[in-house]
There are 2 protein chains.
Amino acid sequence: MIVLDRKPTITDVAKLAGVSMKTVSRVINKEPNVRDELRDRVLKAADELGYQPNFSARSLAGVRSFQLAYLFGDPGGDYAHGVQIGILDACRDAGYHLVVEQIDVDAPDAAQRTATLVAQLRLDGVVLSPPITDHRGVLDALKRAGVPYVRIAPDEALDGSPYVQMDDAKAAEELTHYLVDLGHRDIGFIKGHPRHAAGRLRFEGFRRAMEARGLAVQPSLVEQGTFSYGSGIDCAWRLLRRRARPTAIFASNDDMAAAVAAVAHESGIEVPEDLTVVGFDDAPIAQVVWPPLTTVCQPIREMARAAADLLIGRAADKDRDSWPDPVPHRLLAHELRVRRSSAPPGERTVARARR
Amino acid sequence: MIVLDRKPTITDVAKLAGVSMKTVSRVINKEPNVRDELRDRVLKAADELGYQPNFSARSLAGVRSFQLAYLFGDPGGDYAHGVQIGILDACRDAGYHLVVEQIDVDAPDAAQRTATLVAQLRLDGVVLSPPITDHRGVLDALKRAGVPYVRIAPDEALDGSPYVQMDDAKAAEELTHYLVDLGHRDIGFIKGHPRHAAGRLRFEGFRRAMEARGLAVQPSLVEQGTFSYGSGIDCAWRLLRRRARPTAIFASNDDMAAAVAAVAHESGIEVPEDLTVVGFDDAPIAQVVWPPLTTVCQPIREMARAAADLLIGRAADKDRDSWPDPVPHRLLAHELRVRRSSAPPGERTVARARR
DNA sequence: CCCCATATTGATAGCGCTGCCAACGAGCCG
DNA sequence: CGGCTCGTTGGCAGCGCTATCAATATGGGG
């Protein structure tokens with residue numbers, strides 16, 4: 001181990017290894033056409049000096065920056081945090097760094113903020129998650145700047161950019177079939193935020209499954225939520241104080257399902273004895289409320305990882321200035337998680353619902 | 001608005017404004033000693049071109065990078081997310097960017113990962129939150145690299161670096177006094193992770209308050225948790241199946257308090273009628289369990305903001321290569337949040353506890 | 001045995017910006 | 001009025017790296 005009075009540069013490594021700077025650069029960047037002997041010498045020299053490339057210089061001089069950015073909207077979310085962890089997994093493996101930025105979807109300057117970000121930082125790619133994944137202005141700013149981006153769980157998939165998603169509709173179908181198989185007929189549904197694709201798709205899956213079983217979706221049992229716990233509380237009250245109360249409630253996410261459980265509890269309705277409650281996402285809250293929620297596990301972390309990997313892979317593929325055709329996308333598998341918030345409807349509750 | 005066929009550079013702005021690059025640089029960086037007239041001309045030119053400085057070039061050429069990093073350990077946490085939002089608030093205002101990195105405290109390469117990070121990226125500062133805020137190896141790596149850092153809620157405050165915290169002990173004292181004032185005498189306590197300062201301080205505050213009121217801390221009513229929901233479950237079981245059950249339980253954070261509420265519920269013990277449960281932090285979970293938890297609001301976001309502001313302020317203060325004396329630190333105010341999980345002990349429960 | 005395609009290596013010119021220092025004028029003191 | 005400081009502006013080197021292209025070596029076909 002050799003210690004310099006300053007951070008070692010590529011020049012130091014080159015001198016020590018007795019090769020040119022360019023050869024060192026080739027080795028560091030794993031470029032081909034370097035003899036094994038030289039490669040070893042360079043690697044050894046770099047190791048002895050504890051050399052680490054300077055990312056600012058790299059991105060200034062070259063076409064790659066080894067930097068991704070993650071734009072998220074929701075300042076509160078487990079969701080955003082999960083996505084971030086997934087991206088970081090990918091970055092760690094690829095030697096990338098991650099810059100994060102929080103952008104309020106409803107702020108008028110969302111697009112401007114995005115434009116500024118990509119103008120100041122050379123980025124190899126940007127990952128977007130809902131709700132900004134569907135923000136026109138943000139997408140346009142990215143497109144104009146020529147920065148590749150991948151959308152997670154996008155609304156209109158067809159903006160020509162790659163995306164990563166799970167099959168929300170199919171998962172909702174499966175969950176609904178599960179409820180019907182338990183014996184539920186009068187199933188309440190709490191929709192998600194109208195602007196989120198996931199919300200629409202989950203309802204669509206529910207609708208399809210009900211239809212497939214010859215059951216009607218009763219409009220009076222469908223409430224419009226926004227994915228927030230608070231909206232779940234409101235919807236739950238409306239649903240539970242009907243005289244013909246449903247025997248099961250399908251909430252479009254776990255936050256709202258947790259809210260339903262809370263309202264039920266407060267109303268003296270036992271879950272799952274008097275009411276089955278199911279959620280969606282398998283968020284942390286699902287295992288922390290009483291009873292733990294039956295839900296669908298959304299592979300957030302894996303989706304985010306896949307998104308970042310697409311970006312990193314593309315950046316590695318030099319001299320490409322557009323995505324391959326067809327545009328890459330990934331569909332990740334979900335999984336039904338049956339916990340204690342679901343059970344067959346009791347006699348009592350069926351009678352009440354039928355009344 | 002003038003459009004070039006490439007991103008405008010400082011040279012473009014200089015030409016348009018009819019001044020030297022250096023003057024543009026001065027204006028962009030808000031340096032003094034530029035005549036107002038020139039400043040206006042430069043600003044106007046920059047605006048017309050839509051000029052944005054290139055951060056890579058800035059950090060390569062200069063001594064500032066306008067970049068902070070946030071190192072966090074816990075991959076699951078609301079806490080880490082809250083801190084991040086606070087840092088982003090500060091960054092947004094100061095025109096900084098934030099790089100994030102997740103480092104497992106227990107991984108043997110934590111220090112190495114930190115060293116690599118700071119060797120690759122020129123950083124104006126690093127924010128640390130528990131538990132890595134107390135990781136010796138990480139702190140040493142930062143010190144060796146000469147990168148300023150601020151610790152949030154540090155354990156041993158005296159490593160000579162600035163820190164931001166709340167008064168955990170005092171808050172715990174207040175919460176305990178509140179419980180005693182309600183009439184509770186037999187109060188169970190669930191400690192936090194032994195390696196976290198916050199855990200120790202909260203217990204210390206509890207102990208002091210009990211002593212001040214002439215009450216004994218019963219060792220049999222003190223359990224060691226780890227801040228996790230799961231550990232809360234275990235501790236709650238142990239506490240609640242004693243024949244002399246406490247009338248109140250003080251959990252060192254909200255996750256564990258939520259666990260206590262869940263166990264109580266499962267055991268047929270009503271909260272708060274049969275058992276008062278209080279937590280700490282005012283995490284999202286506190287308002288999402290039933291009943292909502294009485295807790296102490298920890299100003300995470302503000303603490304993080306303050307930490308980032310210290311770093312940014314120091315970076316702005318050119319040619320300083322160490323912190324001013326005395327080393328800056330901030331103590332932020334907490335607040336008691338009384339919700340529905342706490343009530344005076346009922347006759348029945350007092351009788352049982354006394355038995 | 002020569003020529004050209006291919007593999008391997010090096011020299012050099014910047015990338016866009018800031019640090020340093022020189023240049024210049026104005027104001028001030030003695 | 002000389003010599004000084006201070007405020008203001010510009011010139012230029014160079015941060016650490018990669019892209020480009022030239023230079024050289026290697027090998028096969030004609």
Side-chain angles (χ1 to χ4, degrees), chain A residues 4 6-42 45-46 49-67 95 119-122 124 315-316 318-319 321, chain B residues 4 6-42 46 49-67 95 119-122 124 315-316 318-321:
Chain A
L4 269 53
R6 54 185 166 73
K7 281 193 199 172
T9 71
I10 240 188
T11 315
D12 300 319
V13 179
K15 263 187 210 132
L16 184 60
V19 299
S20 72
M21 276 171 63
K22 184 60 217 189
T23 298
V24 177
S25 173
R26 285 199 181 90
V27 173
I28 299 296
N29 290 293
K30 304 196 200 316
E31 285 176 30
N33 300 340
V34 178
R35 260 189 308 145
D36 287 347
E37 190 229 322
L38 277 200
R39 184 187 312 283
D40 291 345
R41 237 159 67 198
V42 169
L49 288 167
Y51 170 76
Q52 291 290 345
N54 177 321
F55 278 53
S56 294
R58 255 150 65 129
S59 85
L60 221 212
V63 73
R64 302 181 65 182
S65 68
F66 300 89
Q67 249 190 172
Q120 296 181 339
L121 261 33
R122 170 188 288 291
D124 283 352
K318 290 189 175 203
D319 17 78
D321 61 349
Chain B
L4 268 53
R6 54 184 166 73
K7 282 195 199 172
T9 71
I10 235 185
T11 315
D12 300 318
V13 178
K15 264 188 210 131
L16 185 61
V19 300
S20 71
M21 274 171 62
K22 184 64 226 191
T23 299
V24 177
S25 173
R26 285 200 180 88
V27 173
I28 298 296
N29 290 293
K30 304 195 199 318
E31 285 175 29
N33 300 341
V34 178
R35 261 188 308 143
D36 287 347
E37 189 228 324
L38 276 200
R39 185 187 312 281
D40 292 345
R41 239 159 65 199
V42 168
L49 288 167
Y51 170 75
Q52 290 290 346
N54 177 320
F55 277 53
S56 294
R58 284 220 297 201
S59 84
L60 185 58
V63 72
R64 300 180 65 183
S65 68
F66 300 89
Q67 244 187 176
Q120 295 181 339
L121 262 32
R122 171 188 289 289
D124 283 353
K318 290 186 175 208
D319 20 76
R320 160 118 56 69
D321 61 348

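Order of the sequence lines sets the chain letters (A, B, ...), proteins ahead of strands, with each chain counted from 1.
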Any residue meeting salt bridge (charged side-chain N to carboxylate O under 4.0 Å, His left out) with A:D124, in chain and number order, not counting sequence neighbours: none

Interatomic distance, B:K7 NZ vs C:dC17 P [rounded to whole Å]: 10 Å

Interatomic distance, B:L60 CG vs C:dC15 C1' [rounded to whole Å]: 9 Å

B:I10 side chain reached by B:S25 side chain, heavy atoms, under 4.5 Å: yes

Nearest-Å distance for atom pair CZ/C1', residues A:R122 and C:dC15: 9 Å

Spacing between A:D12 atom CG and D:dG16 atom P, to the nearest angstrom: 9 Å

Closest approach of B:L60 to A:L60 (non-hydrogen atoms, all atoms of both residues): CD2-CD1, 3.5 Å

Rounded to 10 degrees, the angle between the two terminal axes of the helix from C:dC1-D:dG30 to C:dG30-D:dC1, each from five pairs: 50°

Spacing between B:E31 atom CD and C:dC20 atom P, to the nearest angstrom: 11 Å

A:N54 vs D:dC15: side-chain N/O to OP1/OP2 distance below 4.0 Å: no

A:K7, NZ: over 12 other non-hydrogen atoms inside 6.0 angstrom: yes

Nearest-Å distance for atom pair CG/C1', residues B:L121 and D:dC17: 15 Å

Sugar-phosphate only, base, or nothing, as touched by B:Y51 at under 4.0 Å among non-hydrogen atoms: sugar-phosphate

Sequence-distant partners of B:R41, side chain to side chain donor-acceptor pair (under 3.5 Å), two or more places apart: B:E37

Sugar-phosphate, base or nothing in reach of A:F66, heavy atoms under 4.0 Å: nothing

Those residues that, when tested against B:A61, pass side-chain contact (heavy atoms from CB on, under 4.5 Å) (two or more places apart): none

Atom-pair distance (CD1 on B:I10; C1' on D:dC12), nearest Å: 14 Å

Nearest-0.5 Å distance that lies between atom OG in A:S59 and atom CG in A:N54: 8.5 Å

Can you give me the N/O atom pairs linking the protein to nucleotides 5-10 of chain C at distances under 3.5 Å, or say none if there are none?
{"residue": "C:dT8", "atom": "OP2", "partner": "A:N33", "partner atom": "OD1", "Å": "3.1"}
{"residue": "C:dT9", "atom": "OP1", "partner": "A:R35", "partner atom": "NE", "Å": "2.8"}
{"residue": "C:dT9", "atom": "OP1", "partner": "A:R35", "partner atom": "NH2", "Å": "2.9"}
{"residue": "C:dT9", "atom": "OP2", "partner": "A:R35", "partner atom": "N", "Å": "2.8"}
{"residue": "C:dT9", "atom": "O4", "partner": "A:R26", "partner atom": "NH2", "Å": "3.4"}
{"residue": "C:dG10", "atom": "OP2", "partner": "A:S20", "partner atom": "N", "Å": "3.0"}
{"residue": "C:dG10", "atom": "OP2", "partner": "A:S20", "partner atom": "OG", "Å": "3.0"}
{"residue": "C:dG10", "atom": "OP2", "partner": "A:T23", "partner atom": "OG1", "Å": "2.5"}
{"residue": "C:dG10", "atom": "O6", "partner": "A:R26", "partner atom": "NH2", "Å": "3.0"}

Residues in side chain to side chain donor-acceptor pair (under 3.5 Å) contact with A:Q120, at least two apart in sequence or another chain: B:Q52, B:H97

Partners passing side-chain contact (heavy atoms from CB on, under 4.5 Å) against B:R26 (at least two apart in sequence or in another chain): B:K22, B:T23, B:E31, B:V34

Out of D:dT18, D:dC17, C:dT18, whichever nucleotide has its closest atom nearest the side chain of B:R58: C:dT18

Spacing between A:L4 atom CG and D:dG16 atom C1', to the nearest angstrom: 14 Å

From C:dG16, D:dC17, D:dA19, nucleotide with atom closest to A:A57 side chain: D:dC17

